[in-house]
Amino acid sequence: MNDTGSTLTHLEGALSGERYPADELIGLDPTDGRPLLARYDIEKAARTLTAESLSGRRTGGLWRWAELLPVRNRNHIVYLGEGDMPLLAQPRLGEALGVPRLSTKAEGLNPTGSFKARGMAVAVSRALELGVTSFVAPSAGNAAGALAAYGAAAGAEVTVLTPVDATLANQQEVLAMGARLVLVRGLISDCGKISTALAPRIGAFDVSTLKEPYRVEGKKTMGFELAEQHGWKLPDVIVYPTGGGTGLVGMWKAFDELEALGLIGSERPRMVSVQSDGCAPIVRAFEAGERFAEPWQDAHTRASGIRVPSAVGDFLILDSLRESGGTALSVSEDSISEMQKFAGRMGAGYVSPESAAALAAVPELRNRSEIDPDEEIVVFDCGIGQKYPPPQDLPEPPVVDPADFDIDALAHNLRYSGMHIE
Ligand SMILES: *Cc1c(COP(=O)(O)O)cnc(C)c1O
């Protein structure tokens, strides 16, 4: 029964262009092992998906965009509150970074504290619809937390593989939600190989980034929301911390769908991928003019969500950067730590290291004249900082014994330390 209004018609090989039936469980393109993308009957969707009808849909988070999502039957939707995240003006931070019209898309407010919830909500719901009851995925941490949450809500079995040094908070949330966790002495790419090999042996469906077609459908809703929140226009520049690139690829797809619906015109933002100096395969490929990225050796960065040495969707990321007139750049580990604290002091909240990396790229983009001071810049704040080890050099707080302390000394200490206001 199709009671959601989904207009999903077929799957298409992102590289091969081959067409496959939509209602079969397929992971990668059988022709070339590359990603598959979902295609819709946009003309049909346009009859009900209008600016007006959307403004009347007040609940449902990202599921408000049902016509352009793959789930056909409402009973299969696993909803935990994902989507409809605010776009927050950041005038103080923007002023300090030389771009007063800076906003952040506050994705850390999603269930499980990151935008991984969007992708997993849609991938898990659609897989349930196609009969899946067990899931497996590699993850740097946040995807594991999200899959554990949606799997549990669906009553499905979940197995996740993360690097042994994955953030402790992510490991704990996965275990607390009853998922099975395997720690791998290696990187996410090693976890990915084990996940693919394990899937058929434990009867699980592999929901690795872009190795099935629907996580990207969840993430593309960020592009829909951005247009809607912006009065059906798009900002000049989107800055996105890039690991597997699902969000970037998803938004790029979303803009084409919105244009086909007649909701936006042909203008596009310049898309900017940000990575860390310790793992920058997309930046290297962009600069070398390559369409595919070589795997990065000895990848390291505290921003674990972007510690992705090789991405299956590399060509999709690179194509969108180039078509949009955007760019790719990497930032130092020190600048990530510094920006976590600076953004916090400027009122942007306690952002994840990945979000800090994206923000840290903004002054560099200004230096390179890649952005003008009067342009509208949206930086993706992808997750909360609370799940990660803290940034370097946080001040040491004073400890006070209420039965015996010197009020004058404490007042003096507070006056002359800690709070520095720029
Ligand atoms: C996964 C993740 C990213 C990278 O997102 P992709 O769409 O996979 O490139 C960035 N930040 C955080 C917090 C993440 O969890």
Side-chain angles (χ1 to χ4, degrees), residues 35 82 85 104-120 122-123 137-147 149 160 162-163 166-167 169-170 173-174 188-189 191-192 207-211 215-223 238-254 271-276 279-283 293 299 301-314 316-318 320-321 328 331 336 339-340 343 349-361 379-389:
E82 60 280 358
M85 295 300 137
T104 52
K105 185 95 166 107
E107 292 292 316
L109 300 173
N110 273 299
T112 69
S114 86
F115 62 8
K116 291 293 191 302
R118 292 182 188 261
M120 288 303 183
V122 174
S139 166
N142 283 331
L147 179 57
V160 290
T162 72
T167 304
N170 280 133
E173 74 174 329
V174 163
I188 184 154
S189 37
C191 300
V207 278
S208 300
T209 298
L210 285 166
K211 289 190 184 168
R215 273 174 74 177
V216 68
E217 293 304 288
K219 280 242 191 125
K220 81 179 177 186
T221 58
M222 298 190 294
I238 290 179
V239 184
Y240 188 87
T242 306
T246 345
L248 199 95
V249 170
M251 285 192 282
W252 195 243
K253 180 174 189 283
M271 309 293 277
V272 178
S273 265
V274 181
Q275 299 194 301
S276 153
C279 181
I282 297 296
V283 179
T301 168
R302 210 167 59 78
S304 44
I306 55 173
R307 191 174 62 173
V308 179
S310 113
V312 252
D314 52 0
L316 294 171
I317 302 171
L318 288 157
S320 68
L321 300 180
V331 296
I336 292 175
M339 184 53 78
Q340 257 188 305
Y350 186 16
V351 302
S352 68
E354 295 84 353
S355 313
L359 287 167
V379 172
F380 269 80
D381 175 9
C382 308
I384 49 170
Q386 284 88 338
K387 283 191 176 179
Y388 298 76

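Here the structure is a predicted model, which is why all the values come from computation and not from measurement. Whatever order the structure lists them in is the order used to number ligands and atoms, beginning at 1.
Short contacts between ligand 1 and T242, defined as distances under 4.0 Å to a heavy atom of the residue, involve ligand atoms 9 (O). Near Y388, meaning under 4.0 Å from any of its heavy atoms, are these atoms of ligand 1: 13 (C). In summary, the atoms of ligand 1 found under 4.0 Å from a heavy atom of K219, numbered by their order in the structure, are 5 (O), 6 (P), 7 (O), 8 (O). The atoms of ligand 1 that sit less than 4.0 Å from any heavy atom of N142 are 13 (C), 14 (C), 15 (O).
Remark: ligand 1 and G245 share an N or O pair separated by less than 3.5 Å (distance only, no angle test). Taking only nitrogen or oxygen atoms, main chain and side chain alike, G305 does not reach within less than 3.5 Å of ligand 1. Remark: ligand 1 and S352 share no N or O pair separated by less than 3.5 Å (distance only, no angle test). Looking at ligand 1, you'll find an N or O of G244 within less than 3.5 Å of one of its N or O atoms.
No side-chain heavy atom of Y240 sits under 4.5 Å from any side-chain heavy atom of E354. C191 has its side chain within reach of P163: a pair of non-hydrogen atoms, C-beta onward, lies under 4.5 Å apart. Residues R118 and R215 fail the side-chain proximity criterion, which asks for heavy atoms closer than 4.5 Å.
Between R307 and S276, the side chains place no donor N or O within less than 3.5 Å of an acceptor N or O (distance only, hydrogens not considered).
Atom 5 (O) of ligand 1 has F115 CZ, 3.4 Å as its closest protein atom, hydrogens excluded (heavy atom only). If you check which protein heavy atom lies closest to atom 14 (C) of ligand 1, you get K116 NZ, 2.9 Å. The protein heavy-atom contact nearest to atom 7 (O) of ligand 1 is Y240 OH, 2.6 Å.
The structure places CG of N142 at 10.5 Å from CG of N110, a figure rounded to the nearest 0.5 Å. In this structure, the separation between NZ on K116 and OG on S139 is 7.0 Å, given to the nearest 0.5 Å.
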(request) Take N170 and Y388 through the test side-chain hydrogen bond (donor to acceptor under 3.5 Å, both in side chains) and record every step on the way to the result. (result) CA-CA 9 Å; N170 280 133; Y388 298 76; 5.7 Å; no
(request) Given side-chain hydrogen bond (donor to acceptor under 3.5 Å, both in side chains), test T104 with D381 step by step and report yes or no. (result) CA-CA 6 Å; T104 52; D381 175 9; 5.0 Å; no
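Between A137 and L147, the shortest heavy-atom contact is CB-CD2, 3.7 Å.
The shell of residues lying under 4.0 angstrom from ligand 1, judged by heavy atoms, excludes F380. For E107, the closest heavy-atom approach to ligand 1 does not fall below 4.0 Å.
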